[in-house]
Protein chains: 4
Amino acid sequence: MPSSTGGKYDKILKASIDVISEKGLDKSSVSDIVKKAGIAQGTFYLYFPSKNDLIPAIADNLITITLDGVRERIQGKENFWDILEVVIDETLKITDAHKDIIVLVYSGLSINHSMEKWELLYRPYYDWLEDIINKAIQNNEIISNINVKWTSRTIINLVENAAERYYIGREQDDTLEVFKDEVFKFLRRSLFRT
Amino acid sequence: MPSSTGGKYDKILKASIDVISEKGLDKSSVSDIVKKAGIAQGTFYLYFPSKNDLIPAIADNLITITLDGVRERIQGKENFWDILEVVIDETLKITDAHKDIIVLVYSGLSINHSMEKWELLYRPYYDWLEDIINKAIQNNEIISNINVKWTSRTIINLVENAAERYYIGREQDDTLEVFKDEVFKFLRRSLFRT
Amino acid sequence: MPSSTGGKYDKILKASIDVISEKGLDKSSVSDIVKKAGIAQGTFYLYFPSKNDLIPAIADNLITITLDGVRERIQGKENFWDILEVVIDETLKITDAHKDIIVLVYSGLSINHSMEKWELLYRPYYDWLEDIINKAIQNNEIISNINVKWTSRTIINLVENAAERYYIGREQDDTLEVFKDEVFKFLRRSLFRT
Amino acid sequence: MPSSTGGKYDKILKASIDVISEKGLDKSSVSDIVKKAGIAQGTFYLYFPSKNDLIPAIADNLITITLDGVRERIQGKENFWDILEVVIDETLKITDAHKDIIVLVYSGLSINHSMEKWELLYRPYYDWLEDIINKAIQNNEIISNINVKWTSRTIINLVENAAERYYIGREQDDTLEVFKDEVFKFLRRSLFRT
DNA sequence: AATGAATGAGCTTTCATTCAT
DNA sequence: AATGAATGAAAGCTCATTCAT
């Protein structure tokens, strides 16, 4: 829990991602990680209570950069369907960039931690999308007789799963553009207010 | 993998599910499992090449009983929307019955095995739904300008994720009926041919 | 907890005594012990639940051989003072033979285990001496207005401590014979019925 | 070992006793102790060369307060039997007050240090009692044909062991008064000059 | 004198797997 | 086919000690 140190926390996080991407979760030892990070074994435990606390930290990081990326790119955009396009695009981008670790991390979360932790990490993303959906309803862009909470979670899940199937499951029969379009249209048909 | 050996294979599979449900994947040892199954340590390796081969076997089992359950219940049903309702209902039932292991198993698959294995296990389920969708298109029950392969996978993913959020993530703000209805309507809106 | 094996339990016990005698308790690792015993690391844990369970086992062994030795040597002896002489002599003998480990073991017992364990291990020895004392009272060999339970424990303690001071604390100003005599006479003065 | 430094030495000693009393010797880390003492990790090593030097310091403290207590309370008393009563009483008092640490400390001494250190620490106490015994012999209060050195050590050992059995081993079948009386009479019978 | 982040050797324990019976 | 004792590599974690500030 040291504070003003040479970014050791980030060093460990980064090394973890590298090592886990390469060797998988089970095969990655703390010893591997500290070696990569260039620190001593014991130092790891100054920043993380245990090896298991690595996974939520990585997940948090992943979710955070996704939401940050989306937020950045929708500057000025008001239209729900424009925002949805950004969400889809950004999710695909992040998934592509971290394809080697993304499933492992979500899996690791399920295995070692309660679902509550999962919900907690996703909460900011969910909340943000709920706001967007509510505004879209007010603007008559999407239908109104939906459960907003359920819908926000379903959209994020659907987009992430599709992205994982595309990049990780190699379900790449079509071009990226066609694939994105498929996701977008599926959601648009379900939510568009005529 | 003999099946005429006093059902030891099934005994091991069942014991594995019990033990993993209770202790989680990481904490479950082969020793725990054989103790539960009432067999000797070495016997395990007569039926499974290694501990890692347990997870795909359990996953296969889970997917198989789901598809079998659905098939059984749609006897005589022709209408796509009736079938979709059965899929949703059966998925929720199975998820409820195996909530303690379902995430662990899917996670375990991701961690220790290539995504190819995952695709392979789901293939029969995917194929079956593709058939159903194609028939529905022919019968003008659903729209036709969709990617059938992508849609079958997306439907199954969406339904399973919703079920997991309901039973495992405890996203139970509404009754089961209302929840099912939400899933059904979301898909119907997206696919229904007016 | 295997049963009919090549005396591995005893092998471990013996190796433990050797190693601990040489290096002390803290510095003795399970790794040292199994190396000395000529078995694999994991095998240790088939016979002892943990490293800590070694100490009570050694203590039990020490107490048992002492009591067995005494019992053997008093065959036919009826006189209390003859028996007491044997107790003193045998305690000195055992203390001499195991001087390098005896304190460590008793200390280890105190540190890692409740005093109840200690009492439990000594119980047979205490009980045996209580019987002897009671008979001596009946035979008018010793005074009768004593607390038998307290006295049995005090005698054993006193003799053992004296032995430890002689062999371990090197309080060897006198010959062994004179020393034994001192112990004997101290107790005799306190208990003899004139 | 500075004594003019804000009493940090004593602070560490006191914190050590607290921590070791609560967690046992093995489980007590320097980290625990400095936290309790409210000082920095490194500061510990300004006052103690190593963790092992803690135990003799605590032992020394214990023996010193016992002897000081006895000396204080026998002011003016000349009679050997009165003094013996004080020794018994004070030993019981100290044992009661420090029951959680007393065995651990003596054990720690045995484990990490040579018996010589033990002898050295006890020397003042032993010497003091030898004087008392010699005077008692001159005053014809006790018998004279004894080994004074051996007897002084035996008395202290016997009293301390009895106290430990009473307070630590919970050998409390009788009241404290009866117990004290038992100890006193046992020694009196052995040493009293008729 | 005081700090506390950093170190890294070293420990106990677990457990998948093997193999002689 | 079945057994279960034996294996030994490997892992997570602790902690006494150091040292730059």
Side-chain angles (χ1 to χ4, degrees), chain A residues 1-6 8-9 26-35 37-54, chain B residues 2 4-6 8-9 26-35 37-54, chain C residues 1-6 8-9 26-35 37-54, chain D residues 2 4-6 8-9 26-35 37-54:
Chain A
M1 334 246 171
S3 44
S4 61
T5 60
K8 289 231 170 58
Y9 181 92
D26 278 12
K27 306 287 171 54
S28 300
S29 66
V30 172
S31 163
D32 294 328
I33 291 166
V34 297
K35 225 168 283 164
I39 57 165
Q41 186 92 352
T43 306
F44 178 92
Y45 293 90
L46 293 176
Y47 295 89
F48 292 87
S50 86
K51 189 195 172 187
N52 282 337
D53 294 281
L54 221 42
Chain B
S4 58
T5 58
K8 285 227 171 63
Y9 180 90
D26 277 13
K27 308 287 172 54
S28 299
S29 64
V30 172
S31 161
D32 293 328
I33 290 165
V34 297
K35 227 169 278 164
I39 57 167
Q41 190 91 352
T43 306
F44 178 92
Y45 291 89
L46 295 175
Y47 294 88
F48 291 87
S50 89
K51 190 198 174 188
N52 282 337
D53 295 282
L54 218 43
Chain C
M1 337 245 168
S3 45
S4 61
T5 61
K8 288 230 169 59
Y9 181 91
D26 278 13
K27 305 288 171 54
S28 300
S29 66
V30 173
S31 162
D32 294 328
I33 291 165
V34 297
K35 224 167 284 165
I39 57 166
Q41 188 91 352
T43 306
F44 178 92
Y45 292 90
L46 294 175
Y47 296 88
F48 292 88
S50 86
K51 189 194 171 189
N52 283 338
D53 294 281
L54 219 42
Chain D
S4 58
T5 58
K8 287 228 170 63
Y9 181 90
D26 277 12
K27 307 287 171 56
S28 300
S29 64
V30 172
S31 161
D32 293 328
I33 290 165
V34 296
K35 227 168 281 166
I39 58 166
Q41 190 91 352
T43 307
F44 179 92
Y45 292 89
L46 296 175
Y47 295 88
F48 290 87
S50 87
K51 189 197 175 189
N52 282 337
D53 295 281
L54 219 43

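Proteins come first, then strands; the chains are lettered A, B, ... in the order of their sequence lines, and each starts at number 1.
Here the nucleotide nearest the side chain of A/Ala40, chosen from E/dG4, F/dT3, E/dG8, is E/dG8.
Between D/Lys8 and E/dA1 there is no side-chain N or O to OP1 or OP2 distance below 4.0 Å. Phosphate proximity of E/dA1 to D/Tyr47: absent, as no side-chain N or O sits under 4.0 Å from OP1 or OP2.
In this structure, CG of D/Asp53 is placed 13 Å from P of F/dA16, rounded to the nearest angstrom. The CG-C1' distance, from C/Asp26 to F/dT14, rounds to 14 Å in whole Å. Taking atom CD1 of residue D/Ile33 and atom P of nucleotide F/dC15, one finds them 11 Å apart after rounding to whole Å. Remark: P of F/dC13 and NZ of D/Lys27 are 17 Å apart, rounded to the nearest angstrom. F/dG12 atom P lies 11 Å from atom NZ of A/Lys35, rounded to whole Å.
A search for side chain to side chain contact (heavy atoms under 4.5 Å, CB included) contacts involving A/Thr43 returns A/Lys8, A/Ile39, A/Ala40, A/Leu46, A/Tyr47, not counting sequence neighbours. For A/Phe48, the ring-ring contact (aromatic ring centres under 6.0 Å, His included) test picks out A/Tyr9, A/Phe44, with sequence neighbours left out.
Stem list for DNA chain E (at least 3 consecutive Watson-Crick or G-U pairs, distances under 3.5 Å): E:2-21 with F:2-21.
Residue A/Ser29 is in sugar-phosphate contact alone, with no base atom involved, counting any heavy-atom pair closer than 4.0 Å across all strands shown.
Remark on DNA chain F: of its neighbouring residues B/Gly38 and A/Ser28, the 5'-side contact belongs to B/Gly38, judged by nearest-heavy-atom nucleotide. Mapping C/Thr43 and A/Ile39 onto DNA chain E by nearest heavy atom places A/Ile39 at the nucleotide closer to the 5' end.
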Got a list of protein N/O to nucleotides 17-19 of chain E N/O distances below 3.5 Å?
from   : atom 1 : to      : atom 2 : distance (Å)
E/dT17 : OP2    : B/Tyr45 : OH     : 3.2
E/dT17 : OP2    : B/Lys51 : N      : 3.1
E/dT17 : O4     : B/Gln41 : NE2    : 3.1

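B/Asp32 and B/Lys27 make their closest contact through OD2-O, 3.4 Å (heavy atoms, listed as atom of the first residue, atom of the second, distance). Of all the heavy atoms in C/Val34 and C/Ser31, the pair that sits closest is CG2-O, 3.3 Å.
Here the straight-line distance linking atom NZ of B/Lys35 with atom CD of B/Gln41 works out to 8.0 Å at 0.5 Å rounding.
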